[in-house]
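Okay, structure first, notes after.
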Amino acid sequence: METAVYDLTLDMERGIAAGAELLRAGELVAFPTETVYGLGANALSGEAVKKIFAAKGRPSDNPLIVHVCSVEMAREVAYVDERAEKYLAAFSPGPFSAVLKKKDCIPDEVTAGLSTVAVRFPVNKYAAALIAAAGVPIAAPSANASGRPSPTTAAHVLFDMAGRIPAILDGGECGVGVESTVCDLTGEHPVLLRPGAVTLEMLCEIDPLATLHSGLKEGDTPPSPGMKYRHYAPKAALTVVDTGSLMGDAAIINAGLNEACDAGKRTAVLCFAEDVGFFAGRKTLIMGRHTHPEEAAHSLFALLRELDGLGVEVAYARALPETGVGLAVMNRLKKAASGRVIDR
Ligand code: TXA
Ligand code: MG
């Protein structure tokens with residue numbers, strides 16, 4: 001299959017029309033959102049949605065997020081009670097997915113048989129225009145091959161999906177860079193299942209009893225089926241170092257890199273702009289400023305892909321404080337490291 005790429009920044013009308021037509025015909029289209037690129041299919045068609053799992057190589061027990069372009073459309077796919085309405089009003093459109101009780105029009109292929117569905121109203125103008133033009137809700141996971149870092153550019157999508165999907169809509173780089181916050185709104189208080197740019201602190205402003213799911217704290221049973229899968233992993237053996245100080249981190253990282261270099265391995269360090277002086281002579285990939293976690297969110301997935309591109313075999317990353325967006329960055333970084341973390 002030939003994969004067509006439509007540049008929305010040059011001709012939005014043509015790309016959106018082509019994408020919407022494919023979606024209505026039950027085909028797959030990759031499209032930009034403010035978080036990461038999504039791989040969309042008509043959420044009302046089980047047959048169309050099955051193609052997503054095949055193209056990504058994704059396990060079929062991992063449910064998809066349904067993308068809508070209005071709160072009215074959210075009501076067509078899920079039961080939106082008064083409380084859910086409050087959260088949608090606060091965080092939609094935006095990088096926020098609400099887990100709600102699903103309506104019958106959503107097939108089991110989307111929710112992996114669950115009675116709930118994750119609903120998201122993206123703020124990205126291309127995503128919103130595509131959903132509106134298709135006229136149906138769009139089921140979409142991140143548009144990477146299963147296990148790879150989520151794509152934040154059309155080039156990333158093309159690298160993973162060329163020949164596997166009919167079209168990619170190129171809307172430039174994604175702003176946020178990490179996937180949406182997934183928040184379960186079916187219980188008495190909101191439970192954060194996947195941290196993102198809508199932070200725990202922001203949820204607590206609406207309900208001080210909003211909590212982080214225990215699986216995110218200690219690694220017990222995954223509440224969100226996606227939590228149990230291997231994610232984002234670069235080919236390099238990646239270790240996250242979190243001693244609480246730059247000096248402490250640098251000492252451990254440099255010792256580890258020296259050992260890897262002695263063993264003839266190709267190495268790199270993921271660090272912050274302030275840190276580079278501590279890693280003189282090393283291959284450094286800069287995640288942004290340590291004081292600005294949103295910069296690390298924006299750059300992280302592209303840098304994980306770059307590790308592979310450079311053929312790096314052993315890599316270390318410096319940690320961020322797990323507050324605000326830093327929680328989302330650390331969640332993805334630890335997954336990319338398959339849980340290899342050296343802390344104090
Ligand atoms: O930012 C995003 O959310 C991107 C863009 C494309 O919108 N999408 C995305 O989808 O990251 P995906 O499939 O890569 O991640 C969806 C996550 C998975 O961890 C999945 O297990 C969880 O949401 N999820 C989906 N439906 C759920 C449900 N009903 N209950 C609990 N978790 C659910
Ligand atoms: Mg994903």
Side-chain angles (χ1 to χ4, degrees), residues 33-36 38 43 62-106 110-112 114-125 127-128 131-132 137-142 150 174-217 222-227 293-294 297 322-329 331-332:
T33 81
E34 66 274 22
T35 57
V36 301
N62 192 2
L64 306 175
I65 294 172
V66 173
H67 296 69
V68 298
C69 59
S70 65
V71 175
E72 294 78 74
M73 199 184 256
R75 286 182 194 291
E76 288 168 23
V77 300
Y79 292 92
V80 180
D81 59 15
E82 222 171 284
R83 205 161 50 87
E85 183 124 23
K86 236 188 332 188
Y87 289 89
L88 293 183
F91 305 124
S92 290
F96 180 73
S97 297
V99 173
L100 300 167
K101 198 171 172 320
K102 85 172 193 79
K103 288 197 171 163
D104 287 343
C105 64
I106 295 298
V110 171
T111 62
L114 296 175
S115 60
T116 56
V117 61
V119 184
R120 168 156 127 79
F121 176 2
V123 71
N124 177 285
K125 69 173 178 189
I131 302 163
I138 303 299
S142 47
S150 297
C174 299
V176 175
V178 290
E179 307 89 338
S180 64
T181 301
V182 178
C183 181
D184 184 351
L185 294 177
T186 62
E188 206 175 325
H189 301 288
V191 178
L192 184 56
L193 303 180
R194 180 175 71 182
V198 170
T199 62
L200 180 61
E201 292 85 344
M202 289 159 77
L203 293 170
C204 283
E205 274 176 35
I206 299 188
D207 182 345
L209 296 180
T211 53
L212 197 57
H213 188 276
S214 59
L216 284 166
K217 288 179 267 179
S224 190
M227 280 184 187
E294 69 280 6
E322 296 192 3
T323 55
V325 187
L327 180 66
V329 173
N331 170 260
R332 307 312 192 275

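Below, all heavy atoms of this structure are taken into account, side chains as well, without hydrogens, waters or symmetry copies.
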Subject >> side-chain contact (heavy atoms from CB on, under 4.5 Å) between Ile131 and Met73, worked out >> reply: CA-CA 10 Å; Ile131 302 163; Met73 199 184 256; 3.8 Å; yes

Original post:
After noting the C-alpha distance and the side-chain angles of Thr199 and Val325, does the key distance pass the side-chain contact (heavy atoms from CB on, under 4.5 Å) rule?
Top reply: CA-CA 6 Å; Thr199 62; Val325 187; 4.2 Å; yes

**OP:** Give the C-alpha distance, both sets of side-chain angles, the deciding distance and a yes or no for side-chain contact (heavy atoms from CB on, under 4.5 Å) between Glu322 and Leu327.
**Re:** CA-CA 4 Å; Glu322 296 192 3; Leu327 180 66; 3.8 Å; yes

Subject >> Verdict with reasoning, Val119 to Val68, per side-chain contact (heavy atoms from CB on, under 4.5 Å) >> reply: CA-CA 7 Å; Val119 184; Val68 298; 3.9 Å; yes

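Distance check: Ser70 OG to Glu76 CD gives 7.0 Å after rounding to the nearest 0.5 Å. Once rounded to the nearest 0.5 Å, the distance linking CG of Leu212 with CG of Leu203 reads 10.0 Å. Rounding to the nearest 0.5 angstrom, the gap separating the CG atom in Leu185 from the NZ atom in Lys101 is 14.5 Å. From Cys183, atom SG reaches atom CG of Leu100 across 9.0 Å, with rounding to the nearest 0.5 Å. If you take CZ on Arg194 and CG on Asn331, they are separated by 8.5 Å, rounding to the nearest 0.5 Å. Within the model, atoms CD1 of Ile65 and OG of Ser142 stand 8.5 Å from one another, a figure rounded to the nearest 0.5 Å.
Counting heavy atoms from C-beta on, the side chains of Leu114 and Lys102 never come closer than 4.5 Å.
A donor-acceptor pair is defined here as one N or O able to donate and one able to accept, closer than 3.5 Å; such a pair exists between the side chain of His67 and the backbone of Ile138. Between the side chain of Thr181 and the backbone N or O of Val198, at least one donor-acceptor pair lies under 3.5 Å.
Ala127 and Asn124 get closest at one heavy-atom pair: N-OD1, 3.0 Å. Between Val117 and Val77, the shortest heavy-atom distance links the atoms CG1-O, 3.8 Å.
For the residue pair Ser97 / Ser180, a side-chain donor-acceptor distance below 3.5 Å is found, with atom types taken as modelled.
Electrostatic pairing of Glu85 and Arg75 counts as a salt bridge here, judged by a charged N lying under 4.0 Å from a carboxylate O. Salt bridge present: Glu34 and Arg120 bring a charged side-chain N and a carboxylate O closer than 4.0 Å.
By the 30° and 60° cut-offs, the orientation of the rings of Phe96 relative to Tyr87 is parallel.
Across Thr211, Asp184, Asp207, a single residue satisfies side chain to side chain donor-acceptor pair (under 3.5 Å) together with His189, and that is Asp207.
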